[in-house]
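Notes to accompany the following structure.
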Amino acid sequence: LPPEERAEAIARAVRAGVRGMLTICTSLAAVDEVAAIAAANQPHVAMAAGLHPHRVGDEGVPEQATLDALGARADVAGLGETGLDYFYDKSPRDQQQESFRRHIRASQATGAPFIVHTRNADADTIRILDDAAADGPLAGVLHCFSSGRALAERALEHGLYISLSGILTFNNAEEIRAIAADVPLDRLLVETDTPFLAPVPKRGKRNEPAYTVHTARKLAE
């Protein structure tokens with residue numbers, strides 16, 4: 001959100017009952033900027049830091065030591081977004097995969113959970129999670145879930161959370177709703193993915209954290 005609108009949006013979210021917000025870093029070059037946003041909006045906003053798969057091709061696969069250092073920071077609540085995007089394919093797939101693996105290793109080394117963006121890449125996401133789980137426990141979340149049942153079930157087997165966005169409220173999201181209905185309550189999260197994917201009845205508008213309540217209401221149904 002534009003700086004002049006952040007405080008108002010946060011206030012609306014708090015009034016709506018949202019207890020916590022996460023500002024997510026998609027570029028390692030933006031870590032300091034994202035950290036400043038979170039620091040200026042305590043206690044309501046935390047930060048995550050990582051390299052989005054869209055940006056890996058431009059910025060390069062991050063060094064393991066860089067991700068380990070981020071995961072160890074006291075102000076970093078999670079590592080990501082990371083993962084695989086074969087829909088837009090903005091970065092070479094081998095680089096996306098290696099970046100994903102390194103984020104997970106950093107998570108395992110530091111205890112900071114990893115945040116997974118995956119689109120049209122269920123099979124490779126499952127494979128990488130399985131490989132990583134052989135090296136130690138996993139702690140993370142499938143963010144903005146829009147994948148298939150097989151990935152959801154495997155993620156749950158590995159102890160991950162499933163986070164539902166406004167997609168859950170869309171008319172054509174019957175499969176997502178069916179999957180969500182079978183996810184254990186203690187593994188369900190809701191989110192906005194601001195500024196994208198505003199839920200019904202706000203669809204078509206710029207999304208914001210206050211709208212989480214609409215997704216939560218649909219999930220409850």
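Applying the salt bridge (charged side-chain N to carboxylate O under 4.0 Å, His left out) test to residues at least two apart or on different chains, the pairs with a partner in residues 208-219 are Arg12-Glu208, Lys218-Glu221.
When all heavy atoms of Pro53 and Thr82 are compared, the closest pair comes out as CD-C, 4.0 Å. The shortest heavy-atom contact between Asn207 and Phe196 is ND2-O, 2.7 Å. Among all heavy-atom pairs drawn from Pro62 and Leu51, the shortest one is CD-CD2, 3.6 Å. Taking every heavy atom of both residues into account, Ile179 and Gly148 meet most closely at CD1-C, 3.8 Å. Considering all non-hydrogen atoms of both residues, Ser91 and Val56 come closest at OG-N, 3.4 Å. Looking at every heavy atom in both residues, Val141 comes nearest to Ser163 through CG2-CB, 3.7 Å.
Atom CZ of Arg73 and atom CG of Asp68 lie 14.0 Å apart (nearest 0.5 Å). Note that the CD1 atom of Ile115 and the CG atom of Leu79 stand 7.5 Å from one another [nearest 0.5 Å]. Of the inter-residue distances, the one linking Arg206 atom CZ with Tyr211 atom OH reads 8.0 Å to the nearest 0.5 angstrom. We find the CG-CZ distance between Leu129 and Phe114 to be 5.5 Å, quoted to the nearest 0.5 Å. Atom CZ of Arg119 sits about 5.0 Å away from atom OH of Tyr88, to the nearest 0.5 Å.
No side-chain heavy atom of Ser107 sits less than 4.5 Å from a side-chain heavy atom of Leu138. Contact of the Ile104 side chain with the Asp135 side chain is not registered, since no non-hydrogen atoms from C-beta on lie closer than 4.5 Å. Within the 4.5 Å cutoff, the side chain of Thr192 has no heavy atoms near those of the Thr215 side chain. Inter-residue side-chain proximity for Val183 and Phe145 is flagged as unmet; no heavy-atom pair is nearer than 4.5 Å.
Using modelled atom types, one side-chain atom of Gln64 and one backbone atom of Arg102 make a donor-acceptor pair closer than 3.5 Å.
Screening Asp85, Asp193, Leu142 for a side chain to side chain contact (heavy atoms under 4.5 Å, CB included) with His117, the sole residue that qualifies is Asp85. Exactly one of Thr125, Asp122, Asp130 qualifies for a side-chain hydrogen bond (donor to acceptor under 3.5 Å, both in side chains) with Arg154. That residue is Asp130. The side-chain hydrogen bond (donor to acceptor under 3.5 Å, both in side chains) with Glu81 is formed by just one residue from the set His103, His52, His54; it is His52.
No more than 12 heavy atoms of other residues, nucleotides or ligands lie within 6.0 Å of CD in Glu63, so this atom counts as exposed by the packing criterion. Residue Asn172 places its CG atom among more than 12 non-hydrogen atoms of other residues, nucleotides or ligands, all under 6.0 Å distant.
The residues Asp182 and Arg149 are annotated as salt-bridged, a charged nitrogen and a carboxylate oxygen being separated by less than 4.0 angstrom.
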Could you list the donor-acceptor pairs under 3.5 angstrom formed between side-chain atoms of residues 20-42 and any protein atom two or more places apart in sequence or on another chain?
residue : atom : partner : partner atom : Å
Thr26   : OG1  : Arg55   : NE           : 3.3
Ser27   : OG   : Ala29   : N            : 3.2
Ser27   : OG   : Glu59   : OE2          : 2.4
Asn41   : ND2  : Ile37   : O            : 2.7
Gln42   : NE2  : Ala38   : O            : 2.9
Gln42   : NE2  : Val45   : O            : 2.6

